[in-house]
Amino acid sequence: MEGSFGSYTDKTRVLDIKPLRTLKPVFPSGNQAPPFVCAPPFGPFPPGFTPFYPFSSSQHTPDLNQNNTSEPSLVTPLRTFRSPPPPPPDTATNGDAVELTVKRKIPRKRTPIAQNPNFSSGITVAEKENGDRKLVMSVLTRFDALRRRLSQLEDAKESVTGIIKRPDLKAGSTCMSRGVRTNTKKRTGPVPGLEIGDVFFFRFEMCLIGLHSPSMAGIDYLVLKGGGEGEEEPIATSIVSSGYYDNDEGNPDVLVYTGQGGNADKDKQSSDQKLERGNLALEKSLVRNSPVRVIRGLKEASQSAKIYIYDGLYDVKESWVEKGKSGHNTFKYKLVRAPGQAPAFASWTEIQKWKKGLPSREGMILTDLTSGVESIGVSLVNEVDGENGPAYFTYSTTVTSFKLTQQPSYGCECGGACKPGNLNCHCIRKNGGDFPYSGNGVLVGRKGMVHECSPACLCPGCKNKVTQMGVKLKLEVFKTVNRGWGLRSWDPIRAGSFICIYAGEAIDKSQMQPTVANDDYTFDTTRVYTPFKWNYEPGLADEDGTEEMSEEPELPLPLVISAKNVGNVARFMNHSCSPNVFWQPGSYENNGQLFLQVAFFAISHIPPMTELTYDYGVTRTSGAQSLCGKKKCFCGSEFCRGSFG
DNA sequence: GAGGTATCAGCCGC
DNA sequence: CGCGGCTGATACCT
């Protein structure tokens, strides 16, 4: 066995951990996209109106798969702040009627997905069957945007105990039925647009992009039509390893997987597993020597979330039957990772070891370049050359010399905790009626300005101070091959997660020295930034005309920050024309002062050790309107503009 | 209190 | 149509 296994066992060798993948999310260039229009729910488009396909390519083939045959459905308006569920039909009233009615099991019929007849996924029939990277990224972005929005609306409702909502399932089924999906053609082996190391936070994400179609079951398979006599035989395409079924340690390239079925369930005894469906499919994959995609699920302590890593192709090498804990027969399959694939899960297990300090990270120069300023140490690493650190600067987490007095504003009066949806709360009102973050601190949508609660707010566990709480990820400053120092994370990052603010010294632009303008360590909100769409599409699940909100930054005044002498980790983030991070203006008040800042959030899910990059924009040049940056770009993106800054 | 376990609605595919 | 499945969030334990 060449390379990969050997390097794993030989701990003396320098581990060449590469980014799990290069993220290249793609968005339509702004100048092509017509302005977003809320189409009328019915009927012909007004003359001159072009339907907007937020993420599609220039091709707008009508979606023939679109299922418009269902009756005009009940539509749940997206913007409802408090709508208690309708009381149960109350047919059989018996003695215990005093009990909380919501606890009752309400016989539900499947809520039909809002069918906006004018909605088109913008994904052609062909693209739906076979995707590519661009499409995969856009489907994931659209799904998560909707999921965040549904989650926000859910948070805003009166908390009703006993009812558990699942924004992930709702968003997933909406995307499914509206055709926001790709790679529907089942296949063994690689899936177009998927890269080894891709990370997911929901099972539904893997369904939508054709990596693994069942929303729960661990084994996915397709049925091969036999050579004539009606013979059919299942063959496995992919499995999801939950990590629950003890699959012991050791070699990350080997996986022992338990077959499906036989589990004890509510009022059901556990039983022997049968050699059918998924179990049979894995058996057939073994005899046919057919590769199986493996997704490793694991509980990530740093995020208290379940995470899935696409770990590439494995071969089924052995199968056997074992007595499970319940004493019943269980199928076991031993899968071994095909050689020559980029490390993914193996890197992950390696990072877990670094966190424990054994073995220590190779190439580590400093365990914490912030000297304790950040609550989590930021390591400094060079695995490339002999340079032992960036030029000296002062580490600070704030924007200094920046004072903007204003009339004292109302403090937050919520007392307990700001209740999402409570329009009497100033925090909520300033944010346009919506709480900007979902419960786990993920930014719901881009907007002109995110208003956070004052540091003086005493609400216990206030959820509206995300950026004030500082860096929560385990970050690393590292030497890149051709772009100086860069920034990346040991932790996987969920789309919408806060990364850091841009700290430094605020500059009065009118007095700015020309030399400062050329500085690599300057953030300037007045530059021209490539617009892109990240928020949910109202038309996807809603036809009641929730208005589209602008995603473009809006600041009361231009903000120019220099991190040359004073700054935080943000000063190390490099430019990319296909970035995985965006910046978002934010503000909060304290002691009669308004604090303005620029905060960075993840565009998409970012696997560990992937370089974090954002769009540096292009300086407006007076006179000549050429949007040509001053620096040559080495981002390596397929869509590289060639220059920036 | 952190971390584990029980509970349960929810969805798609078979 | 009915149900199974290596969900995922929360309530409730230790």
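Below, read A as the first sequence line, B as the second, and so on, with proteins coming before strands; counting in each chain starts at 1.
- For Lys186(A), the salt bridge (charged side-chain N to carboxylate O under 4.0 Å, His left out) partners are Asp220(A), not counting sequence neighbours.
- Straight-line distance from the CG atom of Leu282(A) to the C1' atom of dC6(C): 12 Å, rounded to whole Å.
- Closest approach to the Arg277(A) side chain among dC14(B), dC11(B), dG8(C) is made by dC14(B) (side chain taken as heavy atoms from C-beta onward).
- Using bins of under 30°, 30° to 60° and over 60° for the plane-to-plane angle, the ring pair Tyr437(A)/Phe601(A) lands in the tilted bin.
- Here Thr467(A) pairs with Glu452(A), Gln597(A) under the side-chain hydrogen bond (donor to acceptor under 3.5 Å, both in side chains) rule; sequence neighbours left out.
- Of the candidate nucleotides dG8(C), dC6(C), dC11(B), dC11(B) has the atom lying nearest to any side-chain atom of Leu169(A).
- Across dC6(C), dC11(B), dG8(C), the shortest atom-to-atom separation from the side chain of Phe204(A) is found for dC11(B).
- Rounded to an integer number of Å, the gap from CD of Gln273(A) to P of dG5(C) is 9 Å.
- Residues passing the salt bridge (charged side-chain N to carboxylate O under 4.0 Å, His left out) test with Glu318(A) are Lys334(A), sequence neighbours excluded.
- Here the side chain of Tyr221(A) is nearest to one of dT7(C), dC14(B), dA9(C), namely dC14(B).
- The closest side-chain donor-acceptor pair between Asn130(A) and Arg187(A) falls under 3.5 angstrom.
- The distance from atom CG of Leu150(A) to atom P of dA9(C) is 13 Å, rounded to the nearest whole Å.
- A sub-4.0 Å separation between OP1 or OP2 of dG8(C) and a side-chain N or O of Tyr308(A) is present.
- Partners of Arg293(A) by side-chain hydrogen bond (donor to acceptor under 3.5 Å, both in side chains), not counting sequence neighbours: none found.
- Comparing dG8(C), dC14(B), dC12(B) by their closest approach to the side chain of Lys186(A) singles out dC14(B).
- Distance Asp220(A) CG to dT7(C) C1': 16 Å, rounded to the nearest Å.
- Here the P atom of nucleotide dC12(B) and the CD atom of Glu205(A) are 16 Å apart, to the nearest Å.
- Stems are defined here as 3 or more consecutive Watson-Crick or G-U wobble pairs with pairing distances under 3.5 Å; those involving DNA chain B are B:2-9 with C:7-14, B:11-14 with C:2-5.
- Rounding to whole angstrom units, NZ of residue Lys170(A) and C1' of dG8(C) are separated by 14 Å.
- Distance NZ (Lys274(A)) to C1' (dC14(B)): 15 Å, rounded to an integer number of Å.
- In the set dG13(B), dG5(C), dG8(C), dG8(C) carries the atom at the smallest distance from any side-chain atom of Arg203(A).
- Closest to the Arg166(A) side chain, of the nucleotides dC11(B), dG8(C), dC6(C), is dG8(C).
- Each of Tyr257(A), Tyr333(A), Phe331(A) was checked for a side chain to side chain contact (heavy atoms under 4.5 Å, CB included) with Ser319(A), and the lone residue meeting it is Tyr333(A).
- For the pair His212(A) NE2 and dC12(B) C1', the computed distance is 11 Å after rounding to whole Å.
- Picking from dC11(B), dG5(C), dC12(B) the nucleotide with the shortest atom distance to the side chain of Met176(A) gives dC12(B).
- Partners of Arg277(A) according to the side-chain hydrogen bond (donor to acceptor under 3.5 Å, both in side chains) rule, which considers only residues two or more places apart in sequence or in another chain, do not exist here.
- For Ser242(A), the listed nucleotide lying nearest its side chain is dC6(C); candidates were dC11(B), dC14(B), dC6(C).
- Under the stacking definition used here (centres under 5.5 Å, planes under 30°), the residue Tyr257(A) qualifies as stacked on the base of dC6(C).
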